[in-house]
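Take a look at the structure below.
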Protein chains: 2
Amino acid sequence: MTVAADYDPRAFPPFAVTVDIAVFTIEDGLLKVALIERGEEPHKGSLALPGGFVRPDENLREAAVRELSEETGLESPDHLEQFGAYGDPDRDPRMRIVTVGYWAIVPDLPEPVGGTDAAAARKVPVADVLNDRDALQFDHHQILSDALEHAKDALEDTTVATDFCEGEFAISDLRRVYEAVWGVELDQGNFQNKVLEIDGFVEPTGNRRTGGRGRPPELFRAGSADRIDPPFRRPR
Amino acid sequence: MTVAADYDPRAFPPFAVTVDIAVFTIEDGLLKVALIERGEEPHKGSLALPGGFVRPDENLREAAVRELSEETGLESPDHLEQFGAYGDPDRDPRMRIVTVGYWAIVPDLPEPVGGTDAAAARKVPVADVLNDRDALQFDHHQILSDALEHAKDALEDTTVATDFCEGEFAISDLRRVYEAVWGVELDQGNFQNKVLEIDGFVEPTGNRRTGGRGRPPELFRAGSADRIDPPFRRPR
DNA sequence: CGAATAGTGTCTCTTAGACACTATGTC
DNA sequence: GACATAGTGTCTAAGAGACACTATTCG
C-alpha cells in the first residue's frame with residue numbers, strides 16, 4: 001500500500017466504514033440471527049444486521065463489540081470473528097460505505113433491546129431469512145449467507161460449538177448445535193463417541209441433568225482445546 | 001447497519017480505504033511474493049505489499065486488479081481472493097486507513113515493473129520476509145502471514161494449485177507447488193496416486209516432457225473441478 | 001409395561017501414508 | 001552400467017458412518 005502525490009487520500013470523496021454483525025444463537029433447536037428492524041428510511045421496516053459506523057479511535061473489532069452492545073444490549077459475545085469486507089460502490093444508496101462483516105455466537109440470546117439507533121431488535125430463524133431474498137436490506141442477504149458459511153466451517157475444525165451452550169450441557173445439546181448450524185441430522189451414537197474421543201473438546205462435570213424424559217444425560221463443560229484435529233467434517 | 005441522526009457519516013473524519021495484495025508465485029521451488037520498494041516516506045526503502053486506494057467508482061476487487069496492474073504490470077491474476085480487513089486506528093501514521101487484503105496467484109510472475117506510485121517491485125521468498133518482522137512496513141507482516149494461511153487452506157480443498165502452473169505441467173510440478181506453499185515434503189508416489197484419483201483435478205494431454213533427467217513425465221492441464229473432496233489435508 | 005433419551009460396542013468401507021517395486025529417460 | 005525421476009502397487013492403521021444393543025428415566 002503506497003501513497004503517491006497524484007493520489008493524495010484527502011483528495012478523495014470520503015468513504016465511510018461500518019461493521020455488520022451476524023449474531024447467531026440456538027433457540028428451540030433452530031439457528032437464529034439477531035436482526036434490527038429499521039425505523040428510518042431507506043428501507044424503513046425492513047430488517048438489517050446490527051452494525052454501524054466505526055469511530056475514529058477504535059479498531060474494527062471494538063466497533064463490532066460496541067455496536068452489538070448498543071443495538072442488541074449484548075455484552076461481549078462468546079465468539080466474534082471477522083469474515084470479510086463488502087464495498088460495492090452502490091451497496092448503500094446514501095453514500096460510499098465499506099462494511100466489514102463479523103459473526104458472533106451467544107449461548108442463549110437474551111431478548112435483544114433496541115438501542116440508540118435501532119427501532120427494534122429480534123431473533124429470526126436464519127433459514128427463514130435466507131429463503132427470502134428481500135427480507136434484508138442492501139447486501140445483508142449476501143453478508144448473512146457468508147457469515148453462515150464461516151460458522152459452518154468453524155464448527156468443523158474448532159470447538160466454538162460449545163460457545164452456543166451455556167454453562168453445563170449434555171452431549172445431545174452440543175449435537176443439536178451442530179444439527180442446527182449445519183442443517184442436517186447426525187447419528188446420536190456416533191456423535192457421542194466422536195466428541196468424547198476428541199481431547200479437550202468437553203470435560204465431565206460429574207453432574208447429571210434431571211427432570212427430562214429418558215435417561216438423564218451426564219453434563220459437561222467446554223474443554224481447553226480450541227481446535228478439532230482431525231476436523232469434524234460435515235456431511236456433503 | 002443503520003444510520004441515525006446522531007451518527008451522520010458526514011460528521012466523521014474521513015476514512016480512506018485501500019486494498020493490499022499478496023501475489024504469490026513459485027520460482028526455483030520457492031514460494032515468493034511480489035513486493036514494492038517504497039520510494040517515499042514514511043518507511044522509505046522498506047518493502048510493502050502492492051496496493052492502493054479504492055476509487056469512488058470501483059468495487060474492492062476491481063481496485064485490487066487495477067493496483068496489481070499499476071504496481072506490478074500484472075494483468076488479471078489466475079486467482080484473486082479476499083481474506084480480511086485491517087483497520088487499527090494507528091496502522092498507518094498518516095491517516096485513518098482501513099485496508100482490505102487479497103491474495104493472488106500468478107503462474108510464473110513476469111519481472112514486475114514499477115508503476116506510477118511504486119519505485120520498484122521485486123519477488124522475494126515468503127519465508128525470508130516472514131522471518132524478519134521488520135521487513136515490511138505497517139502491519140503488512142500480519143497481512144502477508146494471514147494471506148499465506150489462506151493460501152495454504154485453499155490448497156487443501158480447492159484445485160487452485162494448478163493456477164501456479166503455466167499451461168501443461170507434470171504431476172511433480174504440482175507437487176512442488178504444494179511443497180513450496182505448505183513448506184513440507186510430500187511422498188512422490190502417494191501424491192501421484194492421490195491427484196490422479198481426484199476427479200477433474202488434472203486432465204491428461206497425451207504429451208510428455210523431454211530433455212530432463214529421469215523418466216519423462218506425462219503432462220497434464222488443469223481439470224474442470226474446483227473443489228477437492230474429501231480435502232487434501234496438509235500434514236500437521 | 002412402553003416410549004424416550006443416553007451411552008457403548010461392532011462391523012465395514014474409505015482414506016492416509018509408509019514403502020517397495022517397476023519403468024524409462026540421461027550421463 | 002549408475003543415477004534420477006516417473007509411475008504403480010501393497011500393506012497397515014485410523015477414521016467415518018451404519019447400526020445394534022444396553023442403560024435409565026418418566027408416564
Side-chain angles (χ1 to χ4, degrees), chain A residues 28-29 152 155-157 161 165 168-180 182 184-199 201-221 225 227-236, chain B residues 28-29 152 155-157 161 165 168-180 182 184-199 201-221 225 227-236:
Chain A
D28 312 320
K152 285 179 176 177
L155 259 55
E156 292 203 33
D157 37 34
C165 302
E168 303 190 351
F169 53 86
I171 303 289
S172 58
D173 296 327
L174 196 57
R175 175 166 49 83
R176 276 178 207 104
V177 169
Y178 276 90
E179 291 178 333
W182 286 351
V184 297
E185 284 212 351
L186 298 175
D187 182 273
Q188 182 266 327
N190 289 336
F191 184 87
Q192 181 114 6
N193 292 335
K194 180 139 195 172
V195 166
L196 294 178
E197 272 164 19
I198 296 171
D199 246 33
F201 196 173
V202 297
E203 51 183 45
T205 64
N207 302 330
R208 299 183 158 276
R209 173 183 297 154
T210 59
R213 275 175 308 199
R215 174 174 173 174
E218 291 179 20
L219 295 178
F220 298 81
R221 59 177 143 261
R227 295 198 65 80
I228 298 174
D229 189 74
F232 189 173
R233 297 198 69 221
R234 66 185 192 257
R236 313 270 164 175
Chain B
D28 311 322
K152 284 179 176 177
L155 259 54
E156 292 204 33
D157 38 35
C165 303
E168 302 190 352
F169 53 87
I171 303 290
S172 58
D173 296 327
L174 196 58
R175 176 167 47 84
R176 276 180 262 281
V177 169
Y178 275 89
E179 292 178 333
W182 286 351
V184 298
E185 283 212 351
L186 299 174
D187 182 272
Q188 182 266 326
N190 289 336
F191 185 87
Q192 182 114 5
N193 291 335
K194 181 139 194 170
V195 166
L196 294 177
E197 273 164 17
I198 295 170
D199 246 34
F201 196 173
V202 297
E203 52 184 42
T205 64
N207 301 330
R208 298 182 158 279
R209 172 184 296 154
T210 59
R213 275 176 309 197
R215 173 174 174 173
E218 292 180 19
L219 294 178
F220 298 81
R221 60 176 142 261
R227 295 198 65 79
I228 299 175
D229 189 74
F232 189 173
R233 296 198 70 222
R234 65 186 192 258
R236 314 272 164 175

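We name chains A, B, ... by the order of the sequence lines, and we start the count at 1 in each one.
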In this structure, how many angstroms lie between the [atom2] atom of [N] and the [atom1] atom of [X], rounded?
X	N	atom1	atom2	value
B/Glu218	C/dA23	CD	C1'	12 Å
A/Leu219	C/dG7	CG	C1'	14 Å
B/Asp173	D/dT5	CG	P	12 Å
A/Glu179	D/dG17	CD	P	13 Å
A/Arg175	C/dA4	CZ	C1'	12 Å
A/Arg236	D/dA16	CZ	P	13 Å
A/Tyr178	D/dA16	OH	P	12 Å
A/Leu174	C/dG7	CG	C1'	15 Å

(request) Determine the interplanar angle of the A/Trp182 and A/Phe232 rings, folded into 0 to 90°, and report it as parallel if under 30°, tilted if 30 to 60°, perpendicular if over 60°. (result) perpendicular
(request) Could you list the residues that satisfy ring pair (Phe, Tyr, Trp, His ring centres under 6.0 Å) with A/Phe169, not counting sequence neighbours? (result) none
(request) Kindly indicate whether the side chain of B/Phe220, heavy atoms from C-beta on, has any atom under 4.5 Å from the side chain of B/Ile171. (result) yes
(request) Measure the shortest side-chain to side-chain distance between A/Arg233 and B/Asp229 over non-hydrogen atoms and say whether it is less than 4.5 angstrom. (result) yes
(message) So if I take every side-chain heavy atom of A/Leu196 and compare against C/dT8, D/dA6, C/dA6, which nucleotide ends up nearest?
(response) C/dT8
(request) With rounding to the nearest 0.5 Å, note down the distance linking OG in A/Ser172 to CD in A/Gln192. (result) 8.0 Å
(message) For the CZ atom of B/Phe191 and the CZ atom of B/Arg176, what is their distance to the nearest 0.5 Å?
(response) 10.0 Å
(message) For B/Glu156, give me all partners under salt bridge (charged side-chain N to carboxylate O under 4.0 Å, His left out), at least two apart in sequence or on another chain.
(response) B/Arg234, B/Arg236
(message) With side chain to side chain donor-acceptor pair (under 3.5 Å) as the rule and sequence neighbours excluded, what pairs involving residues 208-220 of chain A come up?
(response) A/Asp173-A/Arg209
(message) I'd like to compare against my own output: the B/S/- annotation of nucleotides 9-21 of chain C with a strict under-4.0 Å heavy-atom distance to protein.
(response) B------SBBB--
(request) Ignoring backbone atoms, establish whether B/Ser172 has a side-chain N or O less than 4.0 Å from OP1 or OP2 of D/dT5. (result) no
(message) Tell me whether the side-chain N/O atoms of A/Gln192 come closer than 4.0 Å to OP1 or OP2 in C/dA6.
(response) no
(request) With sequence neighbours left out, write down each residue that passes side chain to side chain contact (heavy atoms under 4.5 Å, CB included) with B/Ile198, or none if nothing qualifies. (result) B/Lys194, B/Phe201, B/Ile228
Name the pairs: protein N/O against N/O of nucleotides 24-27 of chain C, kept only if under 3.5 Å.
unit_1 : atom_1 : unit_2   : atom_2 : d
C/dT24 : O2     : B/Arg215 : N      : 3.4

